[in-house]
Each structure stands twice: as structure tokens, then as C-alpha cells.
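A quick write-up on the structure given underneath.
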Amino acid sequence: MIAYNDLAPLAQKLRIYTKAFKEALLSFLEAKRGNSDVILAGVEKLDQADAVLKELETEEGAIATNARLSTVGKQEQMAGTAKRFHERLSFIAQAAKDRRATAAEIQKKFTSVPKAVDNETVDYLRSAEIRQRLAPLSMAERMKIVANGNTHVLRAVMTDPLGEPLVDGEFLERLQQTKAQATDGKEWVRMESLVFVAERLDQLSTAVNLQLSHYNEIPSFTGQPTRTTNLAYTDQQAPPDKSKAIDKTPVGASFQ
């Protein structure tokens, strides 16, 4: 085992994170039966990251054991190495971003307004009539009707031209999600798997940034003035009135 007397090891901790995230993905696949293609693709990205980190571990070991370098020399060389590997590992953040974008598209499909089944005029008149009937009812009664899952009712509520909340927005979203899970369960599992993988990749990307992006740099905290203070003091207290006794001639006094 290499002794890092002058340098703080970087790759070792990141490889531990990578292994833990890989185990989390495999456990998710086994316990929750996530989408195998999505999960295994995420595992492959983590394996790629680990391969790069293994190279980093080898290089930082060589720097740490180089007797010809001073402490400052080792730190400077390690700073350059950290910057180079930080760029090489940027694919982790991009992989997380791509998966979140795909999951968002699936989510959008699940929560979009149901398509009209008739021509525009018939659809408009039907939706207006449904909204007119729902309006006098209590929120609980409206939610009960909407919960039946009728496509015409859902479309009428979601296409209200006035934007009036005939039913609670969160309730409507949960209703659509429940319907999506029942009607397109595989795609729902795929979306959940994409989000889960993206979260693990995001966490690893954050750890990489913290460890490598500003290695051996002294942080600079430039304060900004929030207010100004005038230290010039002005006495606001008025002097007391002049005593009339000062102008009186003292009793028994004579002036020649």
C-alpha cells in the first residue's frame, strides 16, 4: 500500500463511491425489478468511470513515491493530473443529464392532456358542458367524478380556457400516474429506472467535482460591502438655557 505523506489520495475514495453506487443499482434491479436495460447501462457507465479512476490511482501513486519531487512539486504535478482526469470524467454528468431528459419525456407523455376523440367543435362543446356541470359541485365531488378516469372528463378539466382549478393539481397528477402505471407499467418502470440511475450518476459527478475540480487551489472569498457607515459624530443634544443669574450683580459687591 502506498503511503501518501505529502498528498491526499483522490481516486481511492471515488472508487469506493463508484462501487457503492453500482451495488445500489444491482440491488434496485433485484428488489424492485427495474428495467434491466436501463440499470445495466448505468452499471456499464460506472464501470467506465472506475476504469478511469483506476488510471488516476496509478498516476497519483507514481507521483507520491517520486523521490525526486519536493512536496510542492508533487502537489503541483498532482494538480495538473487532477484537472486532466476531471475532464476525462465529465461523461458521468452528461450521462446523468441524458437519462433525466429521457425520463422527463416519458413523464410528459404520462401527464399530457388526453387527445380528443371527436372533431374540434364537438370536443369544445362537450368539454364546456362538463366544466359547467362540475363547477357547482364541491371539490370532493369533483375529485370523485374525475377519479373515475373518464377521458372526456379529464380533457375537460385540463383544457379549461380560464385556467380555473376545478380539481387539485396534485390530485390530478397522482391520478394520471396511477393510470399510467396500470396501462403502461413497463414504460413507467423504465422511467423510474432512468431517474434512479441518473441520481446515482449525479452523486458520483458531484463527488468527482469536489475532489478534482479545484485541487490544491486556495479558495478566495471576496466579501462585498452590504452597507456603509458614517463614523462622523454630531452632538444632537441642545445646550441648556443660559442662566439669568450670570448677568446679575452679586449682593454687596461694588465696582469703582
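Residues Gly42 and Val197 share a closest heavy-atom pair of CA-CG1, 3.8 Å. Taking every heavy atom of both residues into account, Ile39 and Ser193 meet most closely at CD1-CB, 4.1 Å. What you find for Ala24 and Phe196 is that their closest heavy atoms are O-CE2, 3.7 Å. Nearest heavy atom pair, residue Phe28 against residue Glu192, reads CZ-O, 4.5 Å. Considering all non-hydrogen atoms of both residues, Ala49 and Ile92 come closest at CB-CD1, 3.8 Å. Here the shortest heavy-atom pairing between Asp202 and Arg100 reads OD2-NE, 2.8 Å.
To the nearest 0.5 Å, atoms NZ (Lys19) and CG (Asp47) are separated by 12.5 Å. For the atom pair CD of Glu76 and OG of Ser70, the computed distance is 7.5 Å after rounding to the nearest 0.5 Å. Separating the CD atom in Glu199 from the CG atom in Leu25 is a distance of 10.5 Å, to the nearest 0.5 Å. Atom NZ in Lys83 sits 13.0 Å away from atom CG in Leu212 (nearest 0.5 Å). We find the CG-CG distance between Leu166 and Leu137 to be 10.0 Å, quoted to the nearest 0.5 Å. In this structure, CD in Gln12 is found 14.5 Å from NZ in Lys54, a value given to the nearest 0.5 Å.
Relative to the six-membered ring of Tyr17, Arg15 misses at least one condition, a distance below 6.0 Å or an angle of at most 45° to the axis.
Heavy-atom neighbours of Glu44 CD from other residues, nucleotides or ligands within 6.0 Å: at or below the threshold of 12. Environment of CZ in Arg133: sparse, with no more than 12 heavy atoms of neighbouring residues, nucleotides or ligands closer than 6.0 Å.
Between Leu10 and Met78 there is a side-chain heavy-atom pair separated by less than 4.5 Å. At least one side-chain heavy atom of Lys109 sits less than 4.5 Å from a side-chain heavy atom of Asp184. In this structure the side chain of Gln177 never reaches within 4.5 angstrom of the side chain of Phe110, judged on heavy atoms. A heavy-atom distance below 4.5 Å is found between the side chains of Val122 and Asn119. For the pair Arg99 and Lys45, the minimum side-chain heavy-atom distance is below 4.5 Å. Side-chain contact between Thr81 and Glu60: absent, with no pair of heavy atoms (C-beta onward) separated by less than 4.5 Å. For the pair His86 and Gln211, the minimum side-chain heavy-atom distance is 4.5 Å or more. With a 4.5 Å cut-off on side-chain heavy atoms, Asn35 and Leu194 do not count as touching.
Side-chain atoms of Arg131 come within 3.5 Å of backbone N or O of Ala156 as a donor-acceptor pair. For the pair Lys22 (side chain) and Val43 (backbone), a donor-acceptor distance under 3.5 Å is absent. Side-chain atoms of Ser205 do not come within 3.5 Å of backbone N or O of Leu201 as any donor-acceptor pair. The backbone N or O of Lys74 sits nowhere less than 3.5 Å from a side-chain atom of Gln77 that would complete a donor-acceptor pair. A donor-acceptor pair under 3.5 Å links the side-chain atoms of Arg142 to the main chain of Ala135, judged by distance alone. Panel note: side chain Asn148, backbone Asn150; no donor-acceptor pair is recorded below 3.5 Å. Listed for the Ser90 side chain is a donor-acceptor partner under 3.5 Å among the backbone atoms of Glu87.
When the side chains of ILVMFWY residues are joined at heavy-atom separations under 4.5 Å, either directly or via intervening members, Val195 and Trp188 end up in two distinct hydrophobic clusters. When the side chains of ILVMFWY residues are joined at heavy-atom separations under 4.5 Å, either directly or via intervening members, Phe171 and Val153 end up in a single hydrophobic cluster. In this structure, Leu204 is a member of the same hydrophobic cluster as Leu40, with clusters built from ILVMFWY side-chain heavy atoms closer than 4.5 Å. Cluster membership for Leu26 and Val189, using ILVMFWY side-chain heavy atoms within less than 4.5 angstrom, is not shared. Hydrophobic clustering places Leu53 together with Phe91 (ILVMFWY residues linked when any side-chain heavy atoms are closer than 4.5 Å, directly or through intermediates).
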Please lay out, stage by stage, how Gln48 and Leu89 fare under the test side chain to side chain contact (heavy atoms under 4.5 Å, CB included).
-> CA-CA 9 Å; Gln48 293 174 11; Leu89 290 166; over 6 Å; no
Full working for side chain to side chain contact (heavy atoms under 4.5 Å, CB included) between Thr178 and Leu175 | CA-CA 5 Å; Thr178 302; Leu175 181 66; 5.5 Å; no
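Salt bridge status for Arg190 with Asp37: absent, with no side-chain N to carboxylate O gap under 4.0 Å. Taking 4.0 Å as the cut-off between side-chain N and carboxylate O, Arg84 and Glu55 do not count as a salt-bridged pair.
Between the side chains of Gln203 and Thr206, no donor N or O sits under 3.5 Å from an acceptor N or O.
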